[in-house]
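Residue numbering restarts at 1 for every chain, and letters A, B, ... go by the order of the sequence lines.
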Amino acid sequence: MSYLELLKLASPEIVIVITALVVLAIGLVTGHAKSSATISTAKPAHTVSHTSIATGICSVVAALGLAIAIGAILMLPQSTTLFGGMLVITPLTRLFKIICIALAFFTVLLITSQKPPPHLGEYLALVLFATVGLMLLVGSEELLMIFIGLELLGLSLYVMTAFDKTDVRSAEAGLKYLLFGSTSSAFTLFGISLIYGMSGTTGLAAISEKLATASVQPLLAVGIVMTLVGFAFKIAAAPFHLWAPDAYQGAPVPSAAFIASGSKVASFVVLGKIVLVGFAPMRGSADWHAMTAGWSPVLAALASLSILIGNMVALAQSNVRRLLAYSAVAHGGYTLIGLVAGGRDGFAAALFYTTIYAVTLVGAFGVVGLVRRKTGGDNFSDFSGLVSRSPLLAGCMAIFMLSLAGIPPLAGFFGKFYLFSTALHASANHGLLWLVALALFGSFISLYYYLLVLKAIFVNEPSLPAAQPFDRLTPDLVQRAAVAVLAAAVLFLGVMPDVLAARILAALP
Amino acid sequence: MNSWIVTHLWLVPAEPFAASLAILSVSNTRRKSAAALAVAGQIIALALSVVAFVSTLQTHGFRAVQNFTWFTFGDQTLRLGFVLDPLAAAMLVMITVVGLCIFVFSVGYMAEDKNFTRFFAYLSFFSGAMLGLVIANSLLLVFIFWELVGLASYLLIGFWIERPSAAAAAKKAFITTRIGDMGFFLGVLWLYDRAGTLLFYDNGRGCLEGAGLAMLGASATFVALLIFCGAVGKSGQFPLHVWLPDAMEGPTPVSALIHAATMVAAGVFLVARVYPLFSLGAISGVTSSLTVVVWIGVTTALMAALIAIAQADIKRILAYSTVSQLGLMMVSLGVGGVAAGIMHLLAHGFFKALLFLGAGSVIHGCHGEQDIRKMGGLRRFMPVTFMTYAVGMMALSGMPFFFCGGWTKEEILHATAHWPPSHVPYYLILVGVVLTALYMTRQIIYVFFGNPRVAAERAHESPRIMTMPLIVLAFGAILLSAVLTPAWPWLHGYLTGEPTYFDVARLIQPMLFVSLALVSAGVGVGFWIYRKAGTQDGGRPAEVDPLEYAQPALFRFLANKMWIDELYARTVISFSWMAARLSDWMDRYFWDGLVRGFGAIGQLFGIFTTSVDERGINAGVDETTAGARGLGRVMSTAHSGQIQTYLGAIAIGMLALLLLYAWLA
């Protein structure tokens, strides 16, 4: 293995790291110029144009870097393994690296150019570093490397959450996220070390071989549960979800979108690999009358708790972002059902669902961001009468909410359909029926609160009499276009689910 | 080039759909951009249609399909696809050309309307749905677009939603066609059950190809008849024709686009598309399903032609003539003249759009008046409209030589004359031809000849944006006849895949003279009867129709549309009302009582648990039973934001999971 070859195989990650450094540099240079410009207050117009050009350059460079990284992924060989699973390239990792980068791309687009956060260069660099974390997570089958990916992702996200220094909520959310995240990381690391102790290896395939012959020991159970706790935190499954509402509500909108989308997708990919490959022999059963110990009843418990708590608490919310946070908990629960069902079909259904969900949520956060900029808030009252102010945004939000509720012909419907039907067929005698029934009950409840959002948008009178109609052709154009593209994607994937579903299924071994 | 258009055929309907979405997302004050988007979408669709059409000219009997998997469910795969063959290509070109003319016309006609942008969004949506329908290679895809077409027509008929009559007409159109669609959908399901595929053409495995048809066997008759139910609804055939005349409540361009040129054509197109299902096991070209088609068609053609004679609304006359012509096309399909039927469909698309737009121009010029008895003498005020309308009238009446309708009608007569089971349809159609010439002559005399009456006094010619499409369509209606003549039946050969060659001798046929004589008779009798229409004549007052004066009872019977609406109101509709009232009563008293009963049990249980709660557990808990929202609020308070609590929750959660693991082990 020559280093040149390594450079070639890790080229997507390297491209993004270099882009991050470039963006950081541009940000530092122009940030300096900006501070000197603001001193001469005699020419405010000049200042505005200068900063907007600088932020424009940063965003364009970042977007370009992400696009090049996708190109680099397409150039990679179909499958290779490096350093005993530290870095693997399979159709699955290729597909999900592309999906993660695409989600990051849309996150970058959502960053406003009209009123950018200060130090945009640093912010973009953080988004790009977090993206590298996602790619490492997706592209590794080795517990240590996965942990490094988790930490790289986590540390970037903590800072991204606390990035809005003018907002006390943002700081609070960032701190909570950090404390909660580091505690969970500690659990995970401890769990990984226990697994290592039991099996003598950190490669997933090797762990699976060792565990197949090992006797069930309490220490192993502790290791498995502790590892799962770390991921339950990442995917915000109850009862490890408590950071999510604050983070979703307090963080700057693009950060929240990224936490809800990219981070979740990558976590599900790697969680699926760990439980379905690494812990395969310790599966157990979550069937109603035939429960046996293993990770599958643990995940089933997490799923059912998430569905119940997420949906119930979302009912009582009056803030759209908090509502999305609790609904995210519920959706994490639905997705876990796919992993509980297991097998190639179950994994594919879970991955399909989480991808659809991520796309929908990035769009929903895009709408929230645009509304927030106009009204300064994101409570239901700020959404009142959105349809008369901006029919496009209202229509897009309707698509996102109805897709989350699982209404055909939107993507969310097929996501749920695949998930639940696979779970029903997963075991003989429909052993997982109880979980599916619970999930159906949950989605039934969820329709109520999603419709509350739509009621505010379409039925309620605008609460702000002075609310101006959205200006046309403002610098928001990019954000609006991004939201519209995402809405179109949700509609398209609902009409033609096989475009994505067949690809995911084909990518799984 | 060829393969590109086949694989990208979906782009044709995608253009108008995209235009529609774009129009809906701009503000309703941007009228110019809305119209520009709609017209641009239509122009691109037209260009692509022409490319598709040209590529089908390469070989005789060209057919290319592009199938894809919609979704996989277990081991079942649902596949959809698009097909490009002469039938689809000819329809594409006709729809886009006629559509474009109508779009341009609408820019002028709807200029004053306050919902101008919404109108163009709907119009584009309709055009996209119709284009999708003709290129669909799967009965399911046809059904999907079929319903989209129905939805578009519902929205457009009820476009002037503030008029109660428009709202009622929209509902009537939607519900009546739905009755037919129910049969259609049953046919789709039955076909899937038998043939295992809904693709028309799939390299020999489609449901219209050898193997698929062989699997159908005897059930083909029932499947075909069920599909025909849908066609009856959409194409306004007896007994589901009642919605079409009422649909004239929509703006006139809508009438032209939907209820003349394209949407009602969908039914005829569908029968032509699945013709192998109808003709499966035919003995000398006759099957029971085709016989049904013939008789329904004949009944419709004759009945509608009779009713048209006694109507006074300019658009209603055209509506009934549409119903009548569609019946004629059905007859042609039923007797085996598929190419003749489709040729008449294409020609009809041109001249009927021309007539409707001409009627729109007349209505526009007369400031919204639609009663032909109040018009008169308009040929002096609206010369362009008059000339083009006359071309349309000649084509519809079936005047041979220069007007496309003449040649196609002659082909239909030719096909019908040699139908083995019976000659009755042939003679009835001959009567229909005379009647058509008669009522069109009546209309043109009332509108354009004689002295100007109330509504015609301040009439004016329409702006150029409205007359230009008329001229284009009039030339189209004349030029189209060049490829229809028996001397050089190019279109016939194109549709059937047979080679065509030029032969002047075939131009002179007995059928030509029969046709010419009948049309001349119709026009002549019309001129004689109505020569003094609209003026006082002997004992007849000016506002009374000459025919009404001569035969008041018969005229009243026809003017009231043979009381079919009244018959339905007394039977089907009143039955539905009774059923609805019965269900309402059941709902109110029986089911509601049942639910209340269960509710009471629940309440009793609630009272019981509350008392247990209050005594057994502490008093604070009963708040959580106040319903899901209350429960949510209580749970929400647990999420206090205290990080200490949160971190504690991790530990507790993990311990609980460990206990679960240990307990199961």
Side-chain angles (χ1 to χ4, degrees), chain A residues 172 175-176 179-180 183-184 187 216 218 221-222 224-226 228-229 232-233 238-243 245-246 284 291-295 297-298 301-302 305 309 311-317 322 326 391-392 395 414 417-418 421 425 445 448-449 469 472 484 488 495-498 501-502 505, chain B residues 10 17-18 21-30 33 68-75 77-80 117-118 121 144 624 627-665:
Chain A
E172 185 196 340
L175 189 61
K176 270 184 191 160
L179 287 172
F180 215 94
T183 315
S184 313
F187 276 107
V216 181
V222 174
I224 289 176
V225 170
M226 281 191 147
L228 292 185
V229 164
F233 155 77
F240 308 103
H241 66 286
L242 295 159
W243 58 275
D246 289 308
M291 269 200 202
T292 44
W295 51 263
V298 172
L302 286 175
L305 207 58
I309 291 188
N311 282 319
M312 284 297 185
V313 182
L315 285 177
Q317 302 307 317
R322 260 190 118 74
Y326 285 110
L392 174 73
F414 266 101
F417 177 72
Y418 284 138
S421 59
H425 291 127
I445 295 178
Y448 175 75
Y449 56 79
R472 290 181 187 85
V495 178
M496 304 282 301
D498 241 33
L505 201 62
Chain B
W10 57 272
F17 275 132
L21 273 179
I23 294 168
L24 277 180
S25 58
V26 302
S27 149
N28 59 359
T29 52
R30 305 189 139 232
S33 45
F68 58 92
T69 304
W70 187 22
F71 62 88
T72 315
F73 173 57
D75 49 357
T77 307
L78 198 55
R79 296 171 73 211
L80 301 179
T117 56
R118 190 157 60 93
I144 291 172
T624 54
R629 257 197 95 110
L631 182 64
R633 230 176 263 123
V634 170
M635 283 185 174
S636 176
T637 54
H639 300 156
S640 57
Q642 294 294 319
I643 192 76
Q644 297 90 331
T645 332
Y646 285 13
L647 294 180
I650 300 186
I652 294 169
M654 202 200 72
L655 276 179
L657 289 180
L658 272 178
L659 283 176
L660 174 73
Y661 203 113
W663 174 65
L664 288 172

Check your understanding: Among Leu505(A), Val495(A), Leu392(A), Leu228(A), which residue forms the greatest number of heavy-atom pairs with chain B at distances under 4.5 Å?
Key -> Val495(A)
**Study point:** Proximal component of Ile650(B), with respect to chain A [non-hydrogen, under 4.5 Å]
**Key:** both
Point to revise | Pairing residues for Ala121(B) by the side-chain contact (heavy atoms from CB on, under 4.5 Å) criterion, not counting sequence neighbours | key: Ser20(B), Ile23(B), Leu24(B)
Review point. For Val229(A), is it the side chain, the backbone, both, or neither that has a heavy atom closer than 4.5 Å to a heavy atom of chain B?
Key: side chain
Study note, to complete from the structure: Sorted by chain and number, sequence neighbours left out, side chain to side chain donor-acceptor pair (under 3.5 Å) with Tyr449(A) holds for Asn311(A)
Point to revise | Contact class of Phe240(A) relative to chain B, heavy atoms under 4.5 angstrom | key: side chain
Exercise for review: Kindly indicate whether the side chain of Pro497(A), heavy atoms from C-beta on, has any atom under 4.5 Å from the side chain of Tyr418(A).
Suggested key: yes
Exercise for review: Anything under 30° is parallel, anything over 60° is perpendicular, the rest tilted; go ahead and classify Phe233(A) against Trp243(A).
Suggested key: tilted
